[in-house]
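Okay, so here's the structure we're looking at.
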Amino acid sequence: MSVSARSPSIIDVRLADGSTAQARAHGERGADHGLLFMPAMGTSARNYDALGALLAERGWAVLVGEWRGIGSSSLRARRGLDFGYADLFSDFSLYRERLVEELAPKRLHLGGHSLGAQLATLQLAIAGNPDSALFIVAAGTVYYGGYPGLQRAGILAGTQLAALIAASLGYFPGHRLGFGGRQARTVILDWAEQGRTGTLRAGAEHREEKLAAAANPVLAINVEGDAFAPSTATEHLLSKLPRARVTRSRVAAPTAGKHSNPHFSWLERPEPVAEAIAGFVRA
């Protein structure tokens with residue numbers, strides 16, 4: 001299968017619960033390097049088309065999955081329709097299988113933005129390939145202790161308030177509150193637990209303890225001015241990988257664009273991130 005660098009191929013995917021979503025593929029089948037990249041919380045896969053296209057121009061095959069409940073997903077979170085991190089982890093695993101089936105890269109890498117990077121990190125425990133690189137972009141844990149100074153109190157209060165809202169309403173109306181998109185109750189409760197305890201897990205089975213043996217190469221990319229994922233929060237996420245071979249990189253945020261928040265504005269001009277990823281593997 002050949003995919004235009006400018007126009008991704010749309011791959012219909014049926015998830016474990018029977019819902020459907022569309023993954024977006026860039027690049028050519030049989031590329032030397034393939035990347036499964038998962039979005040931030042509340043962010044649709046289509047927002048990563050520019051990143052996928054730039055990596056395709058550099059010879060990569062890229063699949064960007066869609067989280068259930070977001071974008072092309074046939075689901076929308078509501079009271080009585082619930083799912084959590086364990087379900088998102090299952091979706092990640094399924095997209096990883098589809099990347100192998102559809103694009104058959106010679107070497108498979110994992111990556112993600114924010115929430116996507118958290119679950120990509122947990123995926124290393126089951127990836128079974130120590131040569132697979134992990135790409136953490138604008139990401140860290142949301143543990144309040146991983147944030148500097150007075151921001152700690154704001155992070156703790158914000159995550160726990162979101163949990164109270166989700167528990168009360170049966171879902172989280174982030175699309176109305178201006179943060180995180182419409183989210184399932186348990187996604188927010190799991191996220192808030194991480195904010196409170198610092199524990200990285202996706203259900204009872206997939207826990208950070210399984211990452212102790214992972215010695216994969218890791219590239220952690222921070223965006224200047226990103227208050228959602230400062231370097232201290234990234235370091236807390238990287239602490240879950242004590243044996244990993246970590247390289248740190250920092251890119252500038254675009255100075256103009258639709259998004260003023262650097263946590264998202266890099267998506268509008270992702271050339272520095274694409275070059276950092278491609279250069280990391282070349283090196």
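Computed from heavy atoms alone, side chains included, the values below leave out hydrogens, waters and symmetry copies. This chain uses plain numbering: 1 for the first residue, then up along the sequence.
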Worksheet item: Quick one: does N47's side chain have a donor or acceptor within less than 3.5 Å of a partner on S44's backbone?
Response: yes
Discussion item. If we ignore hydrogens and angles and just use 3.5 Å, is the side chain of E66 paired with the main-chain N or O of S73 as donor and acceptor?
Written reply: no
Discussion item. Can a donor-acceptor pair be found, under 3.5 Å and without considering hydrogens, that links the side chain of S168 to the backbone of L164?
Written reply: no
Worksheet item: Could D131 and R107 be called an ion pair, given the rule that one side-chain N must be under 4.0 Å from one carboxylate O?
Response: no
Item to complete: Give a yes or no on whether the backbone of F89 and the side-chain of S93 come within a donor-acceptor separation of less than 3.5 Å.
Response: yes
Worksheet entry | Sidechain-backbone polar pair: E28 side chain, G59 backbone, donor-acceptor under 3.5 Å | no
Discussion item. Is the ring pair W67/F92 parallel, tilted or perpendicular, if the boundaries are 30 and 60 degrees?
Written reply: tilted
Worksheet item: Do the side chain of S72 and the main chain of A21 share a donor and acceptor less than 3.5 angstrom apart?
Response: no
Discussion item. Using modelled atom types and a 3.5 Å cut-off, is there a donor and acceptor pairing between side-chain atoms of T159 and backbone atoms of G195?
Written reply: no
Worksheet item: Ignoring hydrogens and geometry, is there a side-chain-to-backbone donor-acceptor pair from S9 to A25 under 3.5 Å?
Response: no
Discussion item. Show, in sequence, the C-alpha distance, side-chain angles and deciding distance for Y171 and L81, and conclude whether the side chain to side chain contact (heavy atoms under 4.5 Å, CB included) test is met.
Written reply: CA-CA 8 Å; Y171 76 102; L81 197 164; over 6 Å; no
Worksheet item: Looking at R201 and E209, does any basic side-chain N land under 4.0 Å from a carboxylate oxygen?
Response: no
Discussion item. So does T186 get a backbone contact from the side chain of Y85, meaning a donor-acceptor N/O pair under 3.5 Å?
Written reply: no
Practice prompt. Return the orientation label for the W60 and H109 ring planes: parallel under 30°, perpendicular over 60°, tilted otherwise.
Written response: tilted
Worksheet item: Parallel, tilted or perpendicular: which fits the ring planes of Y48 and F37, with parallel below 30° and perpendicular above 60°?
Response: tilted
Worksheet item: Hey, mind stepping through L51 and H113 against side chain to side chain contact (heavy atoms under 4.5 Å, CB included) and telling me if it holds?
Response: CA-CA 12 Å; L51 175 65; H113 174 203; over 6 Å; no
Worksheet item: What closest approach, in Å, do M41 and G180 show between heavy atoms, and which atom pair accounts for it?
Response: CG-O, 3.6 Å
Worksheet item: Is there a side chain to side chain contact (heavy atoms under 4.5 Å, CB included) between R68 and D17 once you walk through the steps?
Response: CA-CA 10 Å; R68 65 176 73 187; D17 66 345; 3.1 Å; yes
Worksheet item: Taking the side chain from E208 and the backbone from L200, do they hold a donor-acceptor pair closer than 3.5 Å?
Response: yes
Worksheet entry | Full working for side chain to side chain contact (heavy atoms under 4.5 Å, CB included) between I277 and I221 | CA-CA 9 Å; I277 290 172; I221 303 174; 4.2 Å; yes
Practice prompt. Return yes when atom CZ of R14 has more than 12 non-hydrogen atoms of other residues, nucleotides or ligands closer than 6.0 Å, and no otherwise.
Written response: no
Worksheet item: Under 6.0 Å from the CZ atom of R98, do we count more than 12 heavy atoms belonging to anything else shown?
Response: yes
Discussion item. So for atom OH, which belongs to Y144, do other residues, nucleotides or ligands contribute more than 12 heavy atoms lying within a distance under 6.0 Å?
Written reply: no
